[in-house]
A.B. asks: 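Below is one structure. I have some questions about it.
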Amino acid sequence: MEELLSVQNLRVSFHTYAGVVHAVRGVSFSMHEGEVLAIVGESGCGKTVTSKAVMRLLDRTSAKIDPASSIALDGRDMVRLSKRELNRLRGKEISMIFQDSMTSLNPTMTVGRQIMENILTHEKVTKQEARRRARELLELVEIPDPGARLENYPHQMSGGMRQRVMIAIALACKPKILIADEPTTALDVTIQAQLLDLLKQIQKKTGMSVLLVTHDLGIVANFAQRVQVMYAGVIVERGSVRDIFKAPRHPYTWALLSSVPGRALESKSELYALRGTPPDLRLPLEGCPFADRCEYCMNICRRESPAEMPVGEGHWSACWLCHEMAPAVEPPTGIGGGSHGGT
Amino acid sequence: MWKYILKRVGYMALTLFTVVSITFLLIHSIPGDPFTSMVEDLPEESRQIYLEKYGYDQPLGVQYLKYLKQLLQGDLGASLRYPGRKVAEIVGEYAPVSASIGGTALVLGVALGLALGILAALYRDRWPDRVIMVVALLGTAIPTFVIAAVLQYALTVTWPLFPTTGYGTWKHMVLPVICMCVSPLATYARYMRSSVLDTANQDYILTAEAKGVSQFRIVTRHILRNAILPCITMICVSVAGIFSGSFIIEKIFAIPGLGKYFISAINDRDYSVVLGLNIVFTGLYIVSMLVSDILLMLVDPRLRLSNDK
């Protein structure tokens, strides 16, 4: 598998009236061809900012990507590309679908034109040809009566259908990477499942890579191969879906997994809720960002930020508990297994 | 769609009727009558004769019904102040004068205002934006008659480039047009700026950016069309104001337009002229509201009626 996307030491800050918010604080990861990588975390952890930074879609006036960061897409550094060069890649090699399908389509343009626009922007084809392909795309995303639907305006479609159209737009030029930022959050549960199946099926068919940004662990387990857990702008744990769900090593991941309602239902216990709030992202981080809310917090956690430590094949955790000198701690009941401390 | 328009026309007739009735009641409730305000020391007997001649001695209800009947026959009535002149004639003669100045000013003001608003939004927080917004603020804050007086002084007295008052050549039109376009220019610049900024923040603009669409195309195809929608209603309302908005300017520049007539007619208690002009203004207003709604339906697919497919 070839490495498609490589993000190194990504730092993003927002300049607001309240101060400088450091939303992403040194995130590195890479994606390979045909891979589905999930970024999970609670609201405000920087997962959406990370994904938008990859597309360079952050508001230029308030958001600053640290110049030392690098985002290499197929060897080209997105951070240093000109607007024109960026536009050549966006929608062509890397596409994005957004959270709210109700507002993500232009209300005064037909759905067909919005799909065609992507094709016509990147490829020298006739309008008829673009139209034919737009029709095929609607078929691909399983919208019935695609020929007639091309003439529809977004308000004539349901939320689920609009999100299908968003997917069609994103796929129009057969991108290598699709970024899906909470693609199903705004939809109701049955539609969520349908849409996710559709995405999965298209991913298998086309072999494109998907960067899935979500807070829904159910979706992750279903779709992704690798998972990165983000907290307060850093990746705290990363590994395969199996690693994260069966043998998580970071207390934050434990907390996330414990708060999935399904587990509490089965064991008839009270649903776990993580206490406290994430740290103020305007302040510099001293020690582990999770220290204040961590039930296993040690002295060192408040003094020094833990580096990512390997805890298995392709499985990393940024927690002092994973250090060889740390005491052994058992994860909460019902979460994974495996001993902690030592190697 | 036609059914909708027909229904709207029905409502318009109702509106017109209401306006006529209220104006009728109001103008007749102002103390005095056309004859005492025209001639001083009019003997009581002659006054009575005139009142009888024009039917003003009858109960108000009877006068009202008579007026309505006359209106339904398409007759706006004749002026009392200027005997022998029909209201329709007055409108026909002076409306084009008002329209030529008001219309030019409106077209200029709206076009420039929208353009400046777009420019300000695109250069948000940079110097073009700042300059345009200061100009727009001054334009809304300074009363038209002050601008008129300053312009008159500067461009006719200090540098005699244009005639002070009057109507006839294009030179006569320059100053009144400038005065009258300041306010729409300022209003539309501010309005369009905020509308463009608002649209630029919409999620679908992000979608367009994610498609790799060029900045130029995003502005022309995605932002402007959506940003202009709220302005359409405003423009149509302004069209109706072409006549009624120019009273002061017409007075200052001694332009023989409708506005001047309207005010003198009220002072003269020239009932039929006041009512007639009011009907014309109201009619224009409600017609432009209808036009704006139809325009909006054409531009905004969300407003199209579902049976329109």
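We name chains A, B, ... by the order of the sequence lines, and we start the count at 1 in each one. Below, each value reflects all heavy atoms present in this structure, side chains not excepted, and no hydrogens, waters or symmetry copies.
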A.B. asks: Any chance NZ of A:Lys127 has more than 12 other-residue heavy atoms, nucleotides or ligands included, within less than 6.0 Å?
C.D. replies: no

A.B. asks: Begin from the C-alpha positions of B:Arg221 and A:Met109 and carry the test side chain to side chain contact (heavy atoms under 4.5 Å, CB included) through to its verdict.
C.D. replies: CA-CA 9 Å; B:Arg221 291 301 171 90; A:Met109 210 186 245; 4.2 Å; yes

A.B. asks: Please classify the contact between A:Met166 and chain B as side chain, backbone, both or neither, with a heavy-atom cut-off of under 4.5 Å.
C.D. replies: side chain

A.B. asks: Taking side chain as everything from C-beta outward and backbone as N, CA, C, O, which of these in A:Gln114 sits under 4.5 Å from a heavy atom of chain B? Side chain, backbone, both or neither.
C.D. replies: both

A.B. asks: Is it true that atom CZ of B:Arg124 has more than 12 heavy atoms of other residues, nucleotides or ligands lying nearer than 6.0 Å?
C.D. replies: no

A.B. asks: Would you mind telling me which of B:Val213, B:Thr199, B:Asn201 has the largest number of heavy-atom pairs within less than 4.5 Å of chain A?
C.D. replies: B:Val213

A.B. asks: I'd like to know if B:Arg217 pairs up with A:Glu117 as an ion pair, taking the criterion as any Lys NZ or Arg NE/NH1/NH2 lying under 4.0 Å from an Asp or Glu carboxylate oxygen.
C.D. replies: yes

A.B. asks: Which atom names give the shortest non-hydrogen contact between B:Leu206 and A:Leu57, and what distance separates them?
C.D. replies: CD1-O, 3.8 Å

A.B. asks: For atom OH of B:Tyr285, decide whether the heavy atoms of other residues, nucleotides or ligands shown that lie under 6.0 angstrom number more than 12.
C.D. replies: no

A.B. asks: Please check if atom CZ in A:Arg84 has more than 12 non-hydrogen atoms from other residues, nucleotides or ligands closer than 6.0 Å.
C.D. replies: no

A.B. asks: For residues A:Thr121 and B:Lys211, determine if any side-chain heavy atom of one lies less than 4.5 Å from a side-chain heavy atom of the other.
C.D. replies: no

A.B. asks: Taking all atoms of both residues into account, what is the closest heavy-atom pair of A:His155 and B:Pro301, and its distance?
C.D. replies: CE1-O, 3.3 Å

A.B. asks: Should A:Thr108 and B:Leu229 be marked as a side chain to side chain contact (heavy atoms under 4.5 Å, CB included) after you check the CA-CA gap, both sets of side-chain angles, and the distance that decides it?
C.D. replies: CA-CA 10 Å; A:Thr108 58; B:Leu229 292 179; 4.1 Å; yes

A.B. asks: Checking heavy atoms, do the side chain of B:Gln202, its backbone, both or neither come under 4.5 Å from chain A?
C.D. replies: neither

A.B. asks: Ignoring hydrogens, what is the shortest heavy-atom contact between B:Ala210 and A:Met96? Give both atom names and the distance.
C.D. replies: CB-CB, 4.4 Å

A.B. asks: A quick test of your reading: do over 12 heavy atoms of other residues, nucleotides or ligands sit less than 6.0 Å from CZ of A:Arg133?
C.D. replies: yes

A.B. asks: Checking side-chain contact (heavy atoms from CB on, under 4.5 Å) between A:Asn106 and each of B:Thr207, B:Asn226, B:Ile205, which is the one that passes?
C.D. replies: B:Asn226

